[in-house]
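Worksheet: the structure to be examined is printed underneath.
Small disclaimer: the values here were computed from a predicted structure and weren't measured.
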2 protein chains.
Amino acid sequence: MMINETQLATEFGVSRTPLRRVLQQLSYEGLLEIRNGVGTRVTDIDMKTFKDIYDLRILLAETMGSLSPNWATDRHRETLAELIARAEDLRGRRDIEGYAHLANDLSALICDLIGSTPMREITDLLYYRVARIWYTFLPNLDWDDVVEELLGELKGLLAALASNDLGTFGKVRATYLRWMLKKVSRYISSD
Amino acid sequence: MMINETQLATEFGVSRTPLRRVLQQLSYEGLLEIRNGVGTRVTDIDMKTFKDIYDLRILLAETMGSLSPNWATDRHRETLAELIARAEDLRGRRDIEGYAHLANDLSALICDLIGSTPMREITDLLYYRVARIWYTFLPNLDWDDVVEELLGELKGLLAALASNDLGTFGKVRATYLRWMLKKVSRYISSD
DNA sequence: TGCATCGTAGCTGTATATAGGTCGTGCTCC
DNA sequence: GGAGCACGACCTATATACAGCTACGATGCA
């Protein structure tokens, strides 16, 4: 998808200057490619990069328990319980946008449990870098399968939070990430 | 240290626009703090963040052998040999700027051995985020001690490269990072 | 003398005109 | 007919003027 600065600036009701500030940050985060004289386009991602990012996310998830974790509070547990309710609501109802919002909120919750600021920022960055790719694959996967796997993760995460065990929490998350990677890899190879 | 956009733009012979692009990126990387109506200042770093970043760098270094490493070439070994020569030249000659350049080049060499693009970018980012802090501590440390430790690392790295063992390479690097962290921590606590 | 308030200097944020770069198209020349 | 070159449309990059924000100090009043 191509992006036109003037057009987008008009659409948002601002001038090109603040818009460019945002575009350049997105470019820096790897979501856009800006080429002088040509245009700006949303990057697509190759399979190697996709796997590299997932490997890194898995590594970070497995380590989140040992690198200055935050203390889990009741608020975290309540939020997670809400997410489980929303996930159960997704059963049988093919709502990709709903799944996306749920995944975003879950990512935010997890980041909130990471006490190390640089690790939190990187975890957040890597999530948004592959999220959009994952969503493009979602329509090709078995919906019930995806929802059940998500529910399994959420319940595992809540159990870990209940005993305040962020080590296990990270391990559960890593398992889920591995599952996602495997799911997408299989789709790619069969493409 | 405070930064004035207009002044700095004049100094570099460009207008404020491209300068601001750079400042905003540095701000995004956490090296600057930009406040509307007030000014832009170089951030200083608290000890917790410093330790968090080092913990993360150590983790990444230890994992660089297993997460899609690049193949070491003769060019890498030659460059490393040059770095060793430069380090030996530093013996007895208290040249902090020379040490800084050496460390930068070493960091670039290491990043060049990381095949995973996101991991390489993060490794690079984290290096530059703490490098300037390290240099402010350098004058307070025993120079010979620092140079010998660096030489020890460089030789260890070269030995690992010789047998094309990036796992060991990362372990050696991690050991050096731990030493740096310990050195600075001790200085902080005794301050 | 203490305090509140307002003005102002100086900074970053935004808008906009202009410059510079890239690629496609069509003409020209071989 | 084909290759090469010049031109123009369209894009991002930069320069610059102006608006908005913040901190601080001067000033007037209690």
Side-chain angles (χ1 to χ4, degrees), chain A residues 1-46 48-50 53 104 108 111 117-118 120-122 124-133 135-136, chain B residues 1-46 48-50 53 104 108 111 117-118 120-122 124-133 135-136:
Chain A
M1 179 183 173
M2 292 299 293
I3 285 177
N4 183 301
E5 291 186 356
T6 310
Q7 181 187 333
L8 207 60
T10 308
E11 195 176 322
F12 279 99
V14 295
S15 77
R16 281 183 54 216
T17 308
L19 182 83
R20 277 174 57 78
R21 197 187 65 210
V22 175
L23 294 186
Q24 272 155 7
Q25 177 165 332
L26 291 175
S27 158
Y28 179 70
E29 289 175 11
L31 274 60
L32 295 179
E33 186 190 8
I34 303 176
R35 279 172 49 187
N36 187 3
V38 180
T40 300
R41 70 179 186 85
V42 178
T43 57
D44 44 18
I45 207 167
D46 57 308
K48 180 185 178 306
T49 306
F50 188 86
I53 292 178
N104 283 353
C111 284
T117 306
R120 183 172 55 245
E121 287 170 354
I122 291 169
D124 200 49
L125 185 75
L126 293 177
Y127 168 72
Y128 282 104
R129 201 145 163 186
V130 288
R132 69 214 163 99
I133 309 295
Y135 297 140
T136 62
Chain B
M1 178 183 174
M2 292 299 292
I3 284 177
N4 183 300
E5 292 186 355
T6 310
Q7 181 186 334
L8 207 60
T10 308
E11 195 175 323
F12 279 99
V14 293
S15 75
R16 279 182 57 213
T17 308
L19 182 84
R20 276 173 58 77
R21 197 187 64 209
V22 175
L23 294 186
Q24 273 156 7
Q25 177 166 331
L26 292 175
S27 160
Y28 180 70
E29 289 176 12
L31 273 63
L32 295 180
E33 186 190 7
I34 303 175
R35 278 173 51 187
N36 186 3
V38 181
T40 300
R41 70 179 187 85
V42 179
T43 57
D44 45 17
I45 207 168
D46 57 307
K48 180 185 179 305
T49 305
F50 189 84
I53 291 179
N104 283 353
C111 283
T117 306
R120 182 172 56 246
E121 287 170 354
I122 290 169
D124 199 50
L125 185 75
L126 292 178
Y127 168 72
Y128 281 105
R129 202 145 164 186
V130 288
R132 70 213 163 100
I133 309 295
Y135 298 140
T136 62

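- If you measure from atom CZ of Arg35(B) to atom C1' of dG10(C), you get 14 Å, rounded to the nearest angstrom.
- Side chain of Arg21(A), nearest nucleotide from dT14(C), dT22(C), dT12(C): dT14(C).
- Between Val42(B) and Ile3(B), the shortest heavy-atom contact is CG2-CD1, 4.2 Å.
- Thr17(A) has no side-chain polar atom (N or O) that falls below the 4.0 Å cut-off from OP1 or OP2 of dT16(C).
- Remark: of the listed residues Thr117(B), Leu125(B), Asp124(B), Thr117(B) is the sole one forming a side chain to side chain contact (heavy atoms under 4.5 Å, CB included) with Glu121(B).
- In plain terms, the two heavy atoms of Leu23(B) and Ile34(B) that are nearest each other are O-CD1, 3.9 Å.
- Regarding Leu23(B), its CG atom lies at a distance of 14 Å from the P atom of dC11(C), rounded to whole Å.
- Heavy atoms of Ile3(B) sit under 4.0 angstrom from primed sugar atoms or phosphate atoms, though from no base atom.
- Remark: P of dC11(C) and CG of Leu8(B) are 13 Å apart, rounded to the nearest angstrom.
- Put simply, the side chain of Arg129(B) reaches to within 4.5 Å of the side chain of Leu31(B), judged on heavy atoms.
- Residue-to-nucleotide proximity on DNA chain C shows that, of Gln24(B) and Gly37(B), the 5′-proximal contact is made by Gly37(B).
- Which of dG13(C), dG21(C), dA15(C) sits closest to the side chain of Asn36(B) comes down to dG13(C).
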Check against salt bridge (Lys or Arg N to Asp or Glu O under 4.0 Å), Glu5(A) and Arg20(A): CA-CA 7 Å; Glu5(A) 291 186 356; Arg20(A) 277 174 57 78; 2.8 Å; yes

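- Looking at heavy atoms from C-beta onward, Thr6(B) lies in side-chain contact with Arg16(B) at the 4.5 angstrom threshold.
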Worked check of side chain to side chain donor-acceptor pair (under 3.5 Å) between Gln25(B) and Glu29(B): CA-CA 6 Å; Gln25(B) 177 166 331; Glu29(B) 289 176 12; 3.3 Å; yes

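- When heavy atoms are screened at a 4.0 angstrom cut-off, Arg16(A) is found touching base atoms of the nucleic acid.
- Using a 4.0 Å heavy-atom distance criterion, Arg20(B) is classed as a base contact.
- Following rounding to the nearest Å, Leu32(B) (CG) and dT12(C) (P) show an atom-to-atom distance of 11 Å.
- Boundaries of the chain B contact region on DNA chain D are dT14(D) to dA23(D), first to last in 5' to 3' order (nucleotide atom under 4.0 Å from a heavy atom).
- Distance, Met2(A) CE to dT22(C) P: 14 Å, rounded to whole Å.
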